[in-house]
Number of protein chains: 2
Amino acid sequence: MLRGEITDAIRQAVMQELAAVGYGRLSIEAVARRAGVGKTAIYRRWSSKLEMVLEIVSRVAGQSLPLPDTGTLQGDLEILLRIVARALRHPLASQIIPDLLAEAARNPRIAQTLQESLRVNQRDVGNQVIGRAVDRGELPPGTDPDAAVDLIVGPIYWRLAVARTPLPDDHLPRMAASVASALGAGPPTGPGRSAAADGAATLPTPR
Amino acid sequence: MLRGEITDAIRQAVMQELAAVGYGRLSIEAVARRAGVGKTAIYRRWSSKLEMVLEIVSRVAGQSLPLPDTGTLQGDLEILLRIVARALRHPLASQIIPDLLAEAARNPRIAQTLQESLRVNQRDVGNQVIGRAVDRGELPPGTDPDAAVDLIVGPIYWRLAVARTPLPDDHLPRMAASVASALGAGPPTGPGRSAAADGAATLPTPR
DNA sequence: GTACGTCGGGACGCAACCGTACCGTCGTCG
DNA sequence: CGACGACGGTACGGTTGCGTCCCGACGTAC
C-alpha cells in the first residue's frame with residue numbers, strides 16, 4: 001500500500017538532513033520538505049523521529065561487507081583500513097557517524113541500536129582477522145580482540161573523523177604496517193608468550 | 001561590574017547542559033534555568049549561543065598541561081595516554097568532546113576554535129614526545145608527527161569515546177607498548193630521508 | 001542617603017516544530 | 001466505473017526557544 005519510492009525519498013532525505021543539522025536538530029518538517037513529501041507520509045510509516053532514524057540508520061549500518069582473506073595480516077589490515085577509510089570519506093557518513101556516536105552517549109536507545117547493527121560487522125570482522133593471524137602464527141595466541149580493534153580502527157578513525165586531516169592513499173599501507181607492528185608487540189597478555197615479535201619485553205614497563 | 005560568581009555559575013551550567021543535550025539542542029533558557037540566573041545575565045555577557053559556547057569551551061580546552069620527560073618513549077606514551085584517558089573518563093568531557101567534534105564537522109567557527117585551542121596542547125605535545133624519542137634514537141629521524149599522533153591518540157580515543165568500553169588501568173601500559181611498537185615500525189618512509197621531519201615533502205598534501 | 005548598575009523575573013512578538021486532523025487529487029484494484 | 005487508500009497540502013492548538021525590554025529588589029560606591 002505504501003509506495004516504495006516515497007519511502008526511499010524519505011530515507012534519503014533523513015540521511016541528508018542528519019548530515020546537515022545532526023540528530024539533535026533534525027525535524028520531521030525539514031525531512032518532509034527535503035523529500036518533497038507531506039508530513040503525513042512520514043507519520044504513516046514511523047511513529048516518531050527516534051523510531052524513524054533508528055530504523056533507517058540501522059538498515060544502512062547493518063549491511064554486511066565482504067572481507068577477503070589475503071593470507072597476510074598486513075594485507076588483511078590494509079584492506080580493512082581501506083574499507084573503513086572509504087566509509088569515513090563518504091560525505092554523508094563522515095558527518096552522520098560522529099554525530100550519532102555522540103548522541104549515543106546520551107541516548108541508550110541509539111547506543112543499543114548502533115551497537116547491535118555494528119556488532120556483526122565489527123566484532124566478527126575483528127575476531128576474524130585476528131583469529132586468522134593467530135592461526136598463521138603472526139600473532140601470539142593470547143591476543144585480545146577488543147584491544148586489537150582499538151589499535152586497528154582507532155588511528156584511521158581519529159585521522160578521518162576527528163582530526164579530519166586528509167589521508168593520502170599511499171599512507172594506508174604505512175598505517176597498516178604500524179598497526180600490524182602494534183598488534184604483534186601489543187598485548188603481552190598473560191603467560192606463555194609466543195616467539196613472535198616481543199619487542200615490548202625490552203622496554204621497561206612500570207606497573 | 002559583572003559579578004564573577006554569576007559568570008562562573010553560567011559557565012558551569014553551560015558545560016552541564018552541553019553534556020546533557022549537546023550543542024544542537026542547547027538553549028539559553030535552559031542554561032539560565034540551570035544556573036539559577038536570568039536570561040539577562042547571560043545576554044549581558046555574550047551576544048549569542050555560539051559566542052558563549054566558543055568562549056567557555058575554548059577557555060577550558062586551552063589549558064596547558066604539564067608533560068614531564070620520563071626519559072623513555074614508552075614512559076612518555078604511558079603518561080600521555082593516562083592524561084588522555086583521565087580527560088576522556090570525565091563525565092562531562094566524555095559527552096562534550098564527541099559532541100563538539102561532530103558539530104565542528106558542520107560549523108566552521110567551532111572547528112576553527114577547537115583547532116586553535118587544541119593546537120598548542122596537541123601538536124606541540126605530539127611533536128615534543130616524538131622529537132625527544134628521535135633525539136634518543138628510539139625512533140627513526142623521518143618520523144611523521146601527524147601520523148604519530150594518529151597512532152597515539154586514536155586507539156585510546158576510540159576505546160573510551162567511541163566504543164565506550166571500560167579500560168582497566170593496567171591496560172594502559174600494554175597500549176603504550178603497542179603504540180611504541182607501532183611508532184617504531186610504522187613509517188618506512190621512502191628512501192634517503194633527511195634528518196629533520198620533512199614528511200610534507202614526500203606527501204602530495206597541499207597545505 | 002543618593003545614584004548607579006547588576007540582579008532575578010516576567011512579558012513581549014516572532015519563529016519553528018510537534019503530532020493530528022481534514023481536505024481534494026490521483027492511481028490502482030476489483 | 002466505482003470504491004478505496006495513499007498522496008501533497010493546509011490548518012490546527014500547544015510547546016519551546018529566541019532576543020529584547022521593563023520592572024522592583026539589592027548592594028555598593030560615593
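A note on names: the letters A, B, ... follow the listed sequences, proteins ahead of strands, and every chain is numbered from 1.
- Within the structure, side-chain hydrogen bond (donor to acceptor under 3.5 Å, both in side chains) contacts touching residues 32-41 of chain B (residues at least two apart or in different chains) are B:Q16-B:R34, B:E17-B:R34, B:E29-B:K39.
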What's touching nucleotides 2-5 of chain D from the protein side, N or O pairs under 3.5 Å?
none

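- In this structure, CG on A:L92 lies 6.0 Å from CE on A:M15, to the nearest 0.5 angstrom.
- The side chain to side chain contact (heavy atoms under 4.5 Å, CB included) test with A:E138 is passed by exactly one of A:D76, A:L73, A:T143: A:L73.
- Of the N and O atoms on the side chains of B:S94 and B:R89, not one donor lies less than 3.5 Å from an acceptor on the other residue.
- Judged as a side-chain contact (heavy atoms from CB on, under 4.5 Å), and not counting sequence neighbours, the contacts of A:A148 are A:I130, A:L183.
- A heavy-atom distance below 4.5 Å is not found between the side chains of A:V57 and A:V14.
- Partners of A:Y157 according to the ring-ring contact (aromatic ring centres under 6.0 Å, His included) rule, which considers only residues two or more places apart in sequence or in another chain, are B:W158.
- Between chain B and DNA chain C, the heavy-atom contact criterion of under 4.0 Å yields a 5' to 3' nucleotide range of C:dT6 to C:dG9.
- In this structure A:A102 satisfies the side-chain contact (heavy atoms from CB on, under 4.5 Å) test together with B:P98, B:D99, sequence neighbours excluded.
- Residue pairs meeting the salt bridge (Lys or Arg N to Asp or Glu O under 4.0 Å) criterion with at least one partner in residues 53-64 of chain B, sequence neighbours excluded, are B:R11-B:E55, B:E55-B:R59.
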Output one line per pair: protein atom, nucleotide atom from nucleotides 23-25 of chain D, and distance, for all N/O pairs under 3.5 Å.
none

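- Between B:R25 and A:E103 there is a salt bridge, since at least one side-chain N of the basic residue sits less than 4.0 Å from a carboxylate O of the acidic one.
- With sequence neighbours excluded, the residues satisfying side-chain contact (heavy atoms from CB on, under 4.5 Å) with B:V84 are B:L88, B:I156.
- Near DNA chain C, meaning a heavy atom under 4.0 Å away, the residues from residues 4-19 of chain B are B:I6.
- Within residues 23-50 of chain B, the residues having any heavy atom closer than 4.0 Å to DNA chain C are, in order of number, B:G36, B:V37, B:G38, B:T40, B:A41, B:R44, B:R45.
- Under the 3.5 Å distance criterion, with hydrogens and angles disregarded, a donor-acceptor pair is assigned to the side chains of A:S181 and B:S181.
- Salt bridge status for A:R82 with A:D170: absent, with no side-chain N to carboxylate O gap under 4.0 Å.
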Audit row: A:E51, A:R109, salt bridge (charged side-chain N to carboxylate O under 4.0 Å, His left out) steps and yes/no = CA-CA 9 Å; A:E51 299 300 329; A:R109 289 283 312 274; 3.3 Å; yes
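- In this structure B:D69 satisfies the salt bridge (Lys or Arg N to Asp or Glu O under 4.0 Å) test together with B:R132, B:R136, sequence neighbours excluded.
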